[in-house]
Protein chains: 2
Amino acid sequence: MINSPAAISCSNCSVRRLCLPAGLAQKDIDRLENITRRKKLIKAGETLYRSGDPFQNLYAIRSGSLKTVVIAADGDTQVTHFALPGELLGLDAYSSRIHPSYAEALEDSSVCLLPFGHLEILAQQVPALQQQIYSLFSEELRQENEILMLLGKRSADTRLAALLINISSRYARRGYSPREFVLSMPRTDIANYLGLTAETVSRLFSRFQREGLIKVSGRTIEILDLLALSDLAGTHCGYEGEQ
Amino acid sequence: MINSPAAISCSNCSVRRLCLPAGLAQKDIDRLENITRRKKLIKAGETLYRSGDPFQNLYAIRSGSLKTVVIAADGDTQVTHFALPGELLGLDAYSSRIHPSYAEALEDSSVCLLPFGHLEILAQQVPALQQQIYSLFSEELRQENEILMLLGKRSADTRLAALLINISSRYARRGYSPREFVLSMPRTDIANYLGLTAETVSRLFSRFQREGLIKVSGRTIEILDLLALSDLAGTHCGYEGEQ
DNA sequence: CGTACCGTTGACTTTGATCAATGTAAGTGG
DNA sequence: CCACTTACATTGATCAAAGTCAACGGTACG
């Protein structure tokens, strides 16, 4: 864990407009930076926090990607989110003061630690920050509702198409190509997230490729027919509202 | 819509300890009451708000029950929540300023209107209220994660058992019998919520009855073997964390 | 170079959806 | 009060989608 030099403060973070500082005046960003100095680097496969850990911080992703996973009493797991830079992790721990899920890095990643006690006090003084926190909470609720629809009502191919379109649009929003990207998670995680098996996901990748929708090469995906894929996803695609 | 007499203020509301006033000092409850005077009565089948409506208020349920439903672009719907007294509706509308879902009364119900603008300002001044709002947001996220697990990983019988246990425990928390209750929603809504069909739900009710787990009489459910039913639900039962 | 993990593909099985018919209770108007 | 309507619920027969089990191929890493 390191104390950041000015070089990696919010002000020049590439995802600041997606993250907590969004909508804040410069003087308020300065105050926010005072409590977000601490960073953490985590390697692929390491956990950022575990289920059952006491809630101390929120975590803002600077780079890399993570999955969040809930564990049932019988040991069964459910991947609930694939998180990209600019997104906040840990909000679900507030009420119980215990993390109900764990977060694991899918690749080497860097996160900012946000001590929630400090953030809460600052939010009390800075209405725009307060509003941004509400907004991130609310947006996450809205997204989960869309995923609920996906799991409750959609066929396997629609689910996978929706995930691809979702990831594509989120990369686009971060300045990367929406047409070609590398999935940072294994097939098993995709399957778990979508409520399917790895075999079904694998078969669907093959089928999508056969049908000319995408080109698959291991975890590298090239979208050949974005329109048709979006179509297959319904308009259930933009479940981050970012198409 | 009526202005409440003192008789139906938060202070003597039967669900105040589950609702926004939880954890607030009396003087702060008094201030909260100043902005929560307006009530609304809605009849079974009427909507509290519709998808697309501008976000003005949160709604706290005083009595009755409602469902919240998201509508996909193709018209397909997903029931996302069955809401009981003390619960807050509308949090998911904050970030977009538009309700992404609609809320419909399952029986004649009464709700408190909470103008969010006012609530936000008050929360800025009353840390305990701020914390309670975070808490309700966070708790809702946690619950949605459990439902995700239910829809992603569980069989039809486990899903229905989990719903019954969940409703039972929520009634218990509100001072009603956990062993016998009337479901306020039709089978189709239960099926939609659980990602099943009404036929499957109906068959499961019959099977549970045949197996001596419950007694079904229309929408009246008597739980005969709470232990076995909880067992079937896994411990995925208490997804409101209230068992 | 071999081990371990991940991904793909095939054969078969199972779960729950679909289609269709019938049953039941509540409300409506004659 | 009773036929009639309507909405909700149940049950059965059939079907399809996705799961399971199993074998095999590729790639990365020690």
Side-chain angles (χ1 to χ4, degrees), chain A residues 43-45 67 76-79 104 106-108 149-164 182-211 214-221 232 234, chain B residues 43-46 67 76-79 82 104-108 149-164 182-211 213-222 232:
Chain A
K43 292 211 171 67
K67 64 174 173 179
D76 207 354
T77 63
Q78 171 72 43
V79 175
E104 183 184 315
L106 293 166
E107 58 192 312
D108 294 356
M149 161 86 67
L150 208 61
L151 293 187
K153 298 283 171 309
R154 302 302 179 187
S155 60
D157 55 359
T158 299
R159 293 185 205 186
L160 184 59
L163 177 63
L164 291 175
V182 177
L183 296 169
S184 56
M185 71 294 287
R187 299 285 193 267
T188 47
D189 283 346
I190 294 176
N192 185 304
Y193 176 74
L194 295 176
L196 303 169
T197 59
E199 290 94 327
T200 298
V201 168
S202 182
R203 279 185 249 269
L204 287 171
F205 272 124
S206 301
R207 201 189 94 198
F208 286 178
Q209 179 158 249
R210 218 180 310 127
E211 294 171 346
I214 59 176
K215 186 169 177 316
V216 184
S217 168
R219 294 188 185 175
T220 303
I221 305 293
L232 179 54
Chain B
K43 292 214 172 65
E46 288 179 356
K67 63 174 172 178
D76 207 354
T77 62
Q78 171 73 44
V79 174
F82 295 122
E104 181 184 316
L106 293 165
E107 59 192 311
D108 294 356
M149 161 87 67
L150 209 62
L151 293 187
K153 299 281 171 309
R154 303 301 179 188
S155 60
D157 54 0
T158 299
R159 292 185 205 186
L160 184 60
L163 177 64
L164 291 175
V182 177
L183 296 169
S184 56
M185 72 295 288
R187 299 285 191 265
T188 48
D189 284 346
I190 294 176
N192 185 304
Y193 176 74
L194 296 176
L196 304 169
T197 58
E199 290 94 328
T200 298
V201 168
S202 182
R203 278 184 250 271
L204 286 170
F205 272 125
S206 301
R207 201 190 93 197
F208 286 178
Q209 179 159 251
R210 219 179 309 126
E211 294 171 347
L213 296 174
I214 60 176
K215 187 170 177 313
V216 185
S217 170
R219 296 189 184 176
T220 303
I221 305 292
E222 187 185 350
L232 179 54

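The figures that follow rest on heavy atoms only: side chains count, while hydrogens, waters and symmetry mates do not. Numbers restart at 1 for each chain; the letters A, B, ... are given by sequence-line order, proteins then strands.
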- Task: Answer with yes or no whether the side chains of A:Ser155 and A:Thr158 bring together a donor and an acceptor at under 3.5 Å.
- Result: yes

- Between atom CE in A:Met185 and atom P in C:dG7, what is the gap in whole Å? 11 Å

- Between C:dG16, D:dT10, D:dC21, which one does the side chain of B:Ser206 approach most closely? D:dT10

- Given atom CZ of B:Arg159 and atom C1' of C:dG16, what is their separation to the nearest angstrom? 9 Å

- Message: Does either side chain, that of A:Thr197 or that of A:Thr200, offer a donor lying less than 3.5 Å from an acceptor on the other one?
- Response: yes

- Query: Does A:Thr200 place a side-chain N or O at less than 4.0 Å from the phosphate oxygens OP1/OP2 of D:dG19?
  - Reply: yes

- Write down the distance between CD (A:Gln209) and P (C:dG7), rounded to a whole number of angstrom. 15 Å

- Query: Is any side-chain nitrogen or oxygen of B:Ser202 closer than 4.0 Å to OP1 or OP2 of D:dT11?
  - Reply: no

- Message: Looking at B:Met149, is its backbone amide N or carbonyl O close enough to the side chain of B:Arg154 to form a donor-acceptor pair, meaning the two atoms are under 3.5 Å apart?
- Response: no

- Item | A:Pro186 side chain, from C-beta outward: closest of C:dG7, C:dT18, D:dA9 | C:dG7

- Query: How long is the line joining CZ of A:Arg207 and C1' of C:dG7, in whole Å?
  - Reply: 18 Å

- Task: May I ask you to say what B:Gly45 touches in the nucleic acid, namely base, sugar-phosphate or nothing, with a heavy-atom cut-off under 4.0 Å?
- Result: nothing

- For residues A:Lys67 and A:Asn192, is any side-chain donor paired with an opposing acceptor at under 3.5 Å? no

- Query: Does A:Arg207 come within less than 4.0 Å of A:Glu211, counting only side-chain N to carboxylate O?
  - Reply: yes

- Item | Residue A:Arg219, side-chain atoms from C-beta onward, closest of C:dC6, C:dA20, D:dC21 | C:dC6

- Rounded to the Å, how far apart are B:Arg203 CZ and C:dT14 C1'? 15 Å

- Where the side chain of B:Leu196 is concerned, which of C:dA17, C:dC6, D:dA18 is the nearest nucleotide? C:dA17

- Under 4.0 angstrom between B:Thr197 side-chain N/O and C:dA17 OP1 or OP2: yes

- Note on the structure: In whole angstroms, the gap separating P of C:dT24 from CZ of B:Arg187 amounts to 15 Å

- Query: Taking CZ from B:Arg154 and C1' from C:dT15, how many angstroms apart are they, rounded to a whole number?
  - Reply: 16 Å

- Query: For the pair made of CG in A:Leu151 and P in D:dA17, what is the distance, rounded to whole Å?
  - Reply: 19 Å

